[in-house]
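In what follows, every chain begins at residue 1, and chains take the letters A, B, ... in the order their sequences are listed. Note that this is a predicted model, so its numbers are computed, not measured.
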Protein chains: 2
Amino acid sequence: MKPIELPVLGARHERSDAARNRQKILAAAERLFMRDGVSCTSMDAIATEAGVGKGTLFRRFGDRASLALALLQASDSAFQEAFIRGPAPLGPGAGPCERLIAFGEGLLGHIAAHGEILLAAQTASGPGRRFDAGPYSAYRAHVRMLIEQANARLDADYLADVLLSCLCAELVMHQMRAQGMSVSRLQAGWEQLVKGVLAC
Amino acid sequence: MKPIELPVLGARHERSDAARNRQKILAAAERLFMRDGVSCTSMDAIATEAGVGKGTLFRRFGDRASLALALLQASDSAFQEAFIRGPAPLGPGAGPCERLIAFGEGLLGHIAAHGEILLAAQTASGPGRRFDAGPYSAYRAHVRMLIEQANARLDADYLADVLLSCLCAELVMHQMRAQGMSVSRLQAGWEQLVKGVLAC
DNA sequence: CGCCTAAACGGACCTCAGTCCGGTTGCCTG
DNA sequence: CAGGCAACCGGACTGAGGTCCGTTTAGGCG
């Protein structure tokens, strides 16, 4: 994969043709993901559909996972905004235990809504890539903080990764598809899990 | 991937050339994994090292993940034997909570010992493959049983997957390598986690 | 011992993610 | 408007996982 240097906002201007192509690519990807399913859509197909060369596609997005992530950027930013500055119980104002439960319920809903694309985003190329890229570190910091607030004697660093691993797309999709668990059941399970772990 | 029809024991005889080649392949894979690292070893290289055609390799093992799994079969069977019929606290004789703690500690040790290969084994090709193949279902059944024994009011089906997701190779490798957590810290965290969830 | 067939063999081939690099173009400066 | 250059474009190329299918062989049987 390339050294990557995504559209840092400070970087002068994004050239107009580049911006146009980025939009074309995102639109094409969304269209094909809808039409054929995420896992059946190749990067070649997206490039062709967008009327763009393959090199251009990879220049703008680095790899398949990052493209998927870019498609979810809007809804993901909204979610982050909600749990950082939004109303309780997700945002500040509620107790940490309550917030953590709401966080998981929100994330489960997010996965239920955008499962296929999230799967592509989290199915990293190299092992461990999924922990470096995307919104993972923001989620992790948030969960870590809530754990610490709830019970300072816990190993928050450990538990943050552990609790998030119960909310990863691959697992949740498997629980929903293969095991037939409903979103509400997963949410109820998450609530019990959090209460047990935080002892609240 | 092929329809797959692995060495069912009932299948008459395994032809001698097939058995010989299987051994050659396993030996070659182990050698190259040791020498160059798992992630830097291609299937082509293994076939060449084994003095065997690529088709033969894939005929015997289906895919990369299954080959990795086959390499770990011995130590994995030993582990399964230990938690099913071995001495307490891993095997029967101890209480479910204690056994579950011991199970996680054992699995964490297993991962620490064979991390790279387990990573290849669990990094499925298709999404969710890791839940279908390998020892996952045996682990799952065991964990599910212990949860149920410990506290019948819990959603054992949900929690089995959830607890196992904290012991998957990708996560644990990340915690050890990127976050610098020691095995004993992970084991201590696991113990706290289990106690919290099972309320024991 | 020779035949026959199911099973195994092996390498050419396919697809697809990701890279490279020679040619092109937007945009800033004078 | 002209020139220069950094950024961008695109498609040929690489490497790896996985498949196909014509050829070979083990080993049971007469």
Item checked: Side chain of B/Asp63 - closest among D/dG18, C/dG18, C/dG10 -> D/dG18
Note to self: OP1 or OP2 of D/dC9 versus the side-chain N and O atoms of A/Asn21: is any pair under 4.0 Å?
What the structure shows: yes
Checklist line | Salt-bridge contact B/Arg129-A/Glu170 (side-chain N to carboxylate O under 4.0 Å) | finding: no
Check: Do A/Asp155 and A/Arg144 meet the salt-bridge criterion of a basic N to acidic O distance under 4.0 Å?
Finding: no
Notebook entry, point to check: So do B/Asp76 and B/Leu69 actually touch side chain to side chain, heavy atoms under 4.5 Å?
Noted result: no
Notebook entry, point to check: Do the side chain of A/Lys54 and the base of C/dA17 come within less than 3.5 angstrom through a donor-acceptor pair of N or O atoms?
Noted result: yes
Which donor-acceptor pairs under 3.5 Å do the side chains of residues 89-103 of chain A make with protein atoms, sequence neighbours left out?
residue : atom : partner : partner atom : Å
A/Arg99 : NE   : A/Leu90 : O            : 3.1
A/Arg99 : NE   : A/Gly91 : O            : 3.0
A/Arg99 : NH2  : A/Phe83 : O            : 2.8

Check: Would a 4.5 Å heavy-atom cut-off, applied to side chains only, mark B/Leu119 and B/Val38 as touching?
Finding: no
Next item on the list: Using only side-chain N and O atoms of B/Thr56, determine if any of them is under 4.0 Å from OP1 or OP2 of C/dG10.
Entry: yes
Checklist line | Spacing between B/Phe58 atom CZ and C/dT15 atom P, to the nearest angstrom | finding: 17 Å
Check: To the nearest Å, how far apart are B/Arg129 CZ and D/dG17 P?
Finding: 15 Å
Check: Donor-acceptor pair, B/Arg140 side chain versus B/Asp157 backbone, under 3.5 Å?
Finding: yes
Next item on the list: Check each residue of residues 32-43 of chain A for a non-hydrogen atom within less than 4.0 Å of any atom in DNA chain C, then write out the ones that pass by number, or none.
Entry: A/Ser42, A/Met43
Checklist line | Minimum side-chain heavy-atom gap A/Leu57-A/Asn21 below 4.5 Å | finding: no
Notebook entry, point to check: How many Å lie between CZ on A/Arg60 and C1' on C/dG18, as a whole number?
Noted result: 17 Å
Notebook entry, point to check: Atom CZ of A/Phe61 and atom P of D/dC9: how far apart are they, to the nearest Å?
Noted result: 11 Å
Item checked: Atom pair distance, as rounded to whole Å: CG in B/Leu57 and P in D/dC20 -> 17 Å
Check: What is the distance from CG of B/Leu67 to P of D/dA16, rounded to the nearest Å?
Finding: 16 Å
Next item on the list: Decide, yes or no, whether a salt bridge links B/Asp17 with B/Arg22 under the criterion of side-chain N to carboxylate O below 4.0 Å.
Entry: no
Could you list, one pair per line, each protein nitrogen or oxygen that sits under 3.5 Å from a nitrogen or oxygen of nucleotides 24-27 of chain D, together with the distance?
residue : atom : partner : partner atom : Å
D/dT25  : O2   : B/Arg15 : NH1          : 3.4
D/dT25  : O2   : B/Arg15 : NH2          : 3.4
D/dA26  : O4'  : B/Arg15 : NE           : 3.4
D/dG27  : OP1  : B/Ser16 : N            : 3.0
D/dG27  : OP1  : B/Ser16 : OG           : 3.4
D/dG27  : OP2  : B/Ser16 : OG           : 3.2

Checklist line | Other residues, nucleotides, ligands: >12 heavy atoms within 6.0 Å of B/Gln73 CD | finding: no
Next item on the list: Using whole Å, report how far CZ of A/Arg59 lies from C1' of D/dA6.
Entry: 11 Å
Next item on the list: Write down the distance between CG (B/Asp44) and P (D/dT14), rounded to a whole number of angstrom.
Entry: 15 Å
Next item on the list: Please figure out whether A/Ala18 or B/Gly55 has its closest DNA chain D nucleotide nearer the 5' end.
Entry: A/Ala18
